[in-house]
Amino acid sequence: MKKKAENYIINGKEFSLFMPQTEIIQIVSNLAERINYDYKDKSPTCILIMKGSVFFGADLMRLLTIDCRLESIRSSSYGNRMESSGKVNIQISDLNIKDKDILIVEDIVDSGRTLKALLVQLNALLPKSIQTVSFLSKPDKRKVNVDVKYIGKEIIPVFVIGYGLDYDEQGRHLPNLYAYV
Ligand code: 5GP
Ligand code: MG
């Protein structure tokens, strides 16, 4: 990863500023406010989908004033490309969510395939309720119909990195979002 003026170059592809940290903080705080209100009498288990939602999940959960718990599972579909492979790889190990209120914490919903596959597998473990919070969504890229209750921001169909999102495992640590356009 190389820096070129305000842009980053990864594997020869140039990414430019798409969303500054100030806007990210605002989006996360709006989501937390909605969740605090809706779950005020509940104690949800937040399941962070790794690795993409690690920063979002950490920031969001620290703004939750309700009683909540943290779990994580890994999923991958992009590999080192910018388009979802369509094949979703989910690793659910010893997750006990029976009769619990579940909040899936995602970085971004694109085709919707990852979330759909996750919902099928998690619902099979018989949670009491299950909802999803996603930092970003690309509605124009949706291939399957999936319900996302809390969406931080809908964006145009560009490939973004930063704030947990990577390109070929690079760029996750950037505090702003950058897009390949
Ligand atoms: P979907 O299954 O909805 O097509 O893709 C969801 C997953 O693909 C996300 O959880 C994320 O890991 C990855 N993804 C989707 N869009 C982007 C993007 O613009 N940038 C990055 N870095 N990852 C993305
Ligand atoms: Mg993800």
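Every number for a ligand or one of its atoms is a count from 1 in the order of the listing. Quick note: numbers below take in every heavy atom, side chains included, and nothing from hydrogens, waters or symmetry partners. Note that the structure is predicted; figures quoted are calculated from it, not measured.
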Side chain to side chain, I73 and I49, heavy atoms closer than 4.5 Å: yes
Within 45° cone of F15 ring axis and under 6.0 Å: K13 NZ or CZ: no
Positive for side chain to side chain contact (heavy atoms under 4.5 Å, CB included) with I47, one of L118, I130, I97: I97
For R113, atoms of ligand 1 separated by under 4.0 Å from a heavy atom: 2 (O), 3 (O)
Any donor-acceptor N or O pair under 3.5 Å, side chains S16, N7: no
Atoms of ligand 1, numbered as shown, that sit under 4.0 Å from any heavy atom of K138: 16 (N), 17 (C), 18 (C), 19 (O)
Contact check, V158 vs ligand 1, heavy-atom distance below 4.0 Å: yes
pair V146-T132: side-chain heavy atoms closer than 4.5 Å: no
Atoms of ligand 1, numbered as shown, that sit under 4.0 Å from any heavy atom of L165: 21 (C), 22 (N), 23 (N)
Residues which pass salt bridge (charged side-chain N to carboxylate O under 4.0 Å, His left out) with K153, listed by chain and number, not counting sequence neighbours: E23
For D166, atoms of ligand 1 separated by under 4.0 Å from a heavy atom: 21 (C), 22 (N)
V109-ligand 1 polar pair, N/O distance under 3.5 Å: no
Any N/O pair V160/ligand 1 closer than 3.5 Å: yes
Location of contacts on E106 toward ligand 1, heavy atoms closer than 4.0 Å: side chain
Partner set under ring-ring contact (aromatic ring centres under 6.0 Å, His included) for Y39, not counting sequence neighbours: none
contact_flag K143 ligand 1 heavy-atom lt 4.0 Å: no
Test item, G52 contacting ligand 1 (heavy atom, 4.0 angstrom): no
Close approach of Y167 to ligand 1, heavy atoms, under 4.0 angstrom: no
is_close_aromatic(Y163, F135), centroid dist under 6.0 Å: yes
Minimum non-hydrogen distance to atom 4 (O) of ligand 1, winning option of A179, S111, S137, S53: S111
